[in-house]
Amino acid sequence: MAATSTPPASAERADDKLRAWLLHGLLRSDRKSVGHHAEPAPHEQHRWWQVMCLTGVDYFSTLGYQPGIAALAAGSLSPIATLLLVALTLFGALPTYRAVAAESPNGLGSLSMLEGLLPGWRGKLLVLFLLGFVATAFVVTITLSAADATAHLLQNPFVPDFFEGWKVPITLLLIALLGVVFLGGFSEAIGLAVVLVAVYLLLNVVVVVTAVAQAIAHPAMVGDWRQTLLTEHPGPLAMIGVSLFVMPKLALGLSGFETGVAVMPLVKGDLAQRIKGTRLLLTTAALIMSVFLIASSFATSVLIPAAEFEEGGKASGRALAYLAHTYLGDLFGTVYDLSTMAILWFAGASAMAGLLNIVPRYLPRYGMAPDWTRAVRPLVLVFTAIAFAITIFFNAGVEEQGGAYATGVLALILSAAVAVTLSSWQKRRRGRTIGFGVVALILAYTAIANIIERPDGLKIAFFFVVAIVVTSLISRATRSTELRVSAIELDEQAKSLLEVPGKIRLIANEPDARDEREYAEKDHETRRNHHLPDDEPLLFLEVTVEDASEFHSELRVRAEERHGYKILQVTGSTVPNAIAAVLLHIRDETGKLPHVYFHWSEGNPIAALLRYLVFGGGDVAPLTREVLRQAEPDDTRRPPVHVG
């Protein structure tokens, strides 16, 4: 007989090392990770301005294309439309996210606020729905930014025409490099972000100051722009009305706020310092961006011919790069192109950081993702693979992905505005409620108008929503028989009830009337069915389900005596898992194998399974047995389950 081959020890060690490397920094699962109770991420923390650079690679990088988008959407009205966008930023989005930072300081953002306002399955399903938009905004940030970086590279006059057909491979290479950075760690990503943002902002200061100076030096060009503006729009009200109408097309200029609160765990300091630092981060980034947007929209509107903004024009998607080449020469323009390309490529870093901080804090806690999703490196590989697929699907097109990006961004900002409005209303803060309510209405108009204008974005977001909800529910079902208890607490009376000389025997009882007749009948049936003598001590074990939507739970075991019967009362998220956990805990605490006694359930087994998944009950006896089997492979140490 041929000998059975076994893998060499060196191969096993290599597999163990790879697994240890992939799962390094695994987040602890915690059912209480909502709001102030959330567990901070196990990443090295940094000063607020350093973290601002990580979020700023997304926010500031929109300077690469925002002036061109504004010019295409609003024409000569571009500066006025941009002013309205800046007003919405400073008086709408910024106050909203400053409030979110105070109420959810551990990186869960507005999603956790909405989850808290809608407890149970309603809150979790809402979070799953919104996670679809999070995935849309953040993943498309990665793919769109990399595609735009490629476009800036290929449009540089020094790049040979040979590379024109390499758009998709170059974009995939940039996404892969981004993944490699995050496989190394957050500190490396933040260090690179600081350098890229510093260089990019400095170059933009040079370009924008030069462009504004050129506009001022040529009053005739300013006059031509002003004349065009007055001819097309005869009065201030008409200008404001048209600007409001086209403002949804400028929505990309609002990106970066949700990411700013998602990476809060990276800000150095205790809770109060983290909130203060994040607020400084958000305010500083918004002010810097506002100045650049206003100045650049004015300069580009005055200095660049309208035809150059159209597709195929030299300023298409790169208005400031056009000005850099025109007024500062091709050498400086090339340096600017490289800096723009670098920050656009790394704009995906803020999105990746947001995904890596948000996903492990929701889906594993819901039981709606495998346990390895609490680790950073496997998620980096998953998100990189998804970004590859999207890039190939859209052929690395920038405009094609713009609708999905704007839809995701606006959905997140709108959800934040709704969350802080409801929170203010609950706290009876009338002024804040009205203010945030107005912001929510403006954002709702902006989101709806954007969806009507670019419905493809909603279709892509809907795909992400469906994918997340379906896979999450399947994962929840497949993980339902895990031992889902993080801690067990017994009161002193419960501990004393377990101090019996013989075996510990428990009757699993679903409390009904809880009168003397109920306990007497259950005691009599158990003794008769399992041939237990009348003097054998029996304890009743009753589980009350608090919130069946929770995956992990902390069990509180309290003892009481009712009608002469001794009862252990337990509160948890599911009955079978709670019973199994209590049995294993009794075994470990007393050194005895406890016995548990059930009566057969009746009814449709499929309906029982659904009751278990949704309400935490179901066919308790076999489910308890299965949970015990998975939790304790050694049948000699497994508490016996009796059914009669």
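Computed from heavy atoms alone, side chains included, the values below leave out hydrogens, waters and symmetry copies. Computed from a predicted structure; not experimentally measured.
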I386 side chain near T143 side chain, heavy-atom distance below 4.5 Å: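 Not in contact.
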Taking every non-hydrogen atom, the tightest pair across [X] and [Y]:
| X | Y | value |
| --- | --- | --- |
| L414 | A440 | CD1-O, 3.4 Å |
| I468 | L128 | CG2-O, 4.0 Å |
| V57 | L54 | CG2-O, 2.8 Å |
| L410 | A447 | CD1-CA, 3.8 Å |
| I142 | G348 | CG1-O, 3.6 Å |

Using 4.0 Å as the upper bound for N to carboxylate O, is an ion pair formed by R318 and D148?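 Between R318 and D148 there is no salt bridge, as every charged N stays at least 4.0 Å from the carboxylate O atoms.
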Is the shortest side-chain N to carboxylate O distance from E115 to R122 below 4.0 Å?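 Salt bridge: no.
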Quick one, V420 with R432, criterion side chain to side chain contact (heavy atoms under 4.5 Å, CB included). Give me CA distance, side-chain angles, the key distance, then yes/no. CA-CA 9 Å; V420 296; R432 287 170 61 90; 5.7 Å; no
Taking the six-membered ring where the residue is Trp, are the ring centres of F257 and Y59 under 6.0 Å apart?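 So the answer is yes for these two rings.
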Counting only N and O atoms by type, is there a donor-acceptor contact under 3.5 Å from the side chain of T283 to the main-chain atoms of L280?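 No, T283 side chain to L280 backbone: no donor-acceptor pair under 3.5 Å.
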Do we see a donor-acceptor contact under 3.5 Å between the side chains of T150 and T171?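 Checked: T150/T171 side chains pair up, N/O donor to acceptor below 3.5 Å.
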Go through the side-chain N and O atoms of N450 and T407 and say whether any donor and acceptor fall under 3.5 Å apart.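 Yes, side-chain donor-acceptor contact under 3.5 Å.
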First locate atom OG1 of T62, then atom CZ of F60, and finally report the distance between them rounded to the nearest 0.5 Å.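 Those atoms lie 9.0 Å apart.
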Side chain to side chain contact (heavy atoms under 4.5 Å, CB included) evaluation trace for L174 with M341: CA-CA 10 Å; L174 293 176; M341 174 188 165; 4.1 Å; yes
Walk me through it: do Y336 and N204 pass the test side chain to side chain contact (heavy atoms under 4.5 Å, CB included)? CA-CA 8 Å; Y336 183 81; N204 270 283; 2.8 Å; yes
Which word best sums up how the rings of F346 and F182 line up, parallel for under 30°, tilted for 30 to 60°, or perpendicular for over 60°?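 The arrangement is parallel - the two ring planes meet at less than 30°.
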